[in-house]
There are 2 protein chains.
Amino acid sequence: MADVIELPVIQQESCCAPATSAPITPEQAASTAALFKALGDPTRVLLISIVAAADGQEACVCDLTEPTGLSQPTVSHHLKILTEAGFLSRTRRGSWAYYALVPGSLERLASLLAEPRAD
Amino acid sequence: MADVIELPVIQQESCCAPATSAPITPEQAASTAALFKALGDPTRVLLISIVAAADGQEACVCDLTEPTGLSQPTVSHHLKILTEAGFLSRTRRGSWAYYALVPGSLERLASLLAEPRAD
DNA sequence: ACGCCATATTGACATTCATCGATATGGGAT
DNA sequence: ATCCCATATCGATGAATGTCAATATGGCGT
């Protein structure tokens, strides 16, 4: 066997940690993976993209259903997943539900991948 | 209905595109989602983390099986997924298979999330 | 109050996926 | 050649997931 890595198992209360500097705990891996999982679907990436590129970085469901070519319930389902993951926020205005990109959410995830600085 | 977004559908030969500046094509969404999907599993995040933190950013399978608490075939399966996604590379040395972090792969994905510059 | 429109939830279904045991492959060492 | 060890592949299985039609909820007009 080659070098035995002892896996220091750093304890840290932040939910996520940079994945490149030191091994993370299984709990940190789970919460980080949950974020990636939310983005691990073509429809959801497309939805994020449309919302992010929209005016004011928000869009209503009626604008999101057609570009995806999916049914309205399915789009609502994906929006819920993205919202629960913290990437989108939901606001009702009249009969419409507007989903907006949560500022910094994508950058925060990006920093887990590349930037080695801690919180 | 609110503002109708026309979805410009940018044609571009690069496999992925920044998701925040302009709507992407369904094809780009699919390939981007495939990358996130590869990281959307706790075990795989843990594996990436261990490899990235290891000496020379590489580790052999024998060092990766125990920390995950999973069977060796399962670990091999996850390593294959990460390799096919382009995050890890495989090298045989003797009987051992060493998996190394592909330099820049995580940063490239991070740039899709945060950095608005194109290639 | 009623009806209409936009959105969310439910239930069902087919597919994908993570996992394991069993087995195959492949490289030393004897 | 043969044995052993490390790793990969195969087949099966149970759980999770994406999707839809049907239905529920909730708000605005009339």
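Chain letters run A, B, ... following the sequence lines, proteins first and then strands; every chain starts at 1.
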How many whole angstroms separate atom NZ of B:K37 from atom P of D:dT17?
11 Å
Evaluate the salt bridge (Lys or Arg N to Asp or Glu O under 4.0 Å) criterion for residues B:E58 and B:R93: first the C-alpha distance (whole Å), next the side-chain angles of each, then the deciding distance (0.1 Å), finally the verdict.
CA-CA 12 Å; B:E58 72 169 12; B:R93 278 209 294 281; 2.6 Å; yes
Rounded distance (Å) that lies between atom P of D:dG18 and atom CZ of A:R44:
4 Å
Return yes if some donor-acceptor pair links the side-chain N/O of A:S49 with the main-chain N/O of A:V45 below 3.5 Å, else return no.
no
Closest-nucleotide 5' rank along DNA chain C - winner of B:T43 and A:P73:
A:P73
Atom CZ of B:R92 to atom P of D:dA6: distance rounded to whole Å?
12 Å
Separation of A:L64 atom CG from C:dA8 atom P, in whole Å?
10 Å
B:H78 near the nucleic acid: base, sugar-phosphate alone, or nothing, with a heavy-atom cut-off under 4.0 Å?
sugar-phosphate
Any non-hydrogen side-chain atom of B:I48 less than 4.5 Å from a side-chain atom of B:L88?
yes
Could you tell me the separation between the CD atom of A:Q72 and the P atom of D:dT25, rounded to a whole number of Å?
15 Å
Spacing of A:H77 atom NE2 relative to C:dT9 atom P, expressed in whole Å
10 Å
Proximity to the side chain of A:T74 - top-ranked nucleotide from C:dA8, D:dT19, C:dA18
D:dT19
Would you indicate, yes or no, if C:dT7 has its OP1 or OP2 atom less than 4.0 angstrom from a side-chain nitrogen or oxygen of A:R90?
no
Under 4.0 angstrom, heavy atoms only, what part of the nucleic acid is B:R93 near: base, sugar-phosphate, or nothing?
nothing
Tell me the interatomic distance from A:Y98, atom OH, to D:dG27, atom P, rounded to whole angstroms.
16 Å
Would the distance check show the side chain of B:R44 and the main-chain N or O of B:L47 forming a donor-acceptor pair, the cut-off being under 3.5 Å?
no
Short question: side chain of B:S31, backbone of B:Q28 - any donor-acceptor pair under 3.5 Å?
yes
Tell me whether the side-chain N/O atoms of A:S95 come closer than 4.0 Å to OP1 or OP2 in D:dG27.
no
Take the protein atom CZ of B:F36 and the nucleotide atom P of C:dC17, then report the distance between them rounded to whole Å.
17 Å
Let's see if you can work this out: which of D:dT7, D:dC20, C:dA8 has an atom nearest to the side-chain heavy atoms of A:S71?
D:dC20
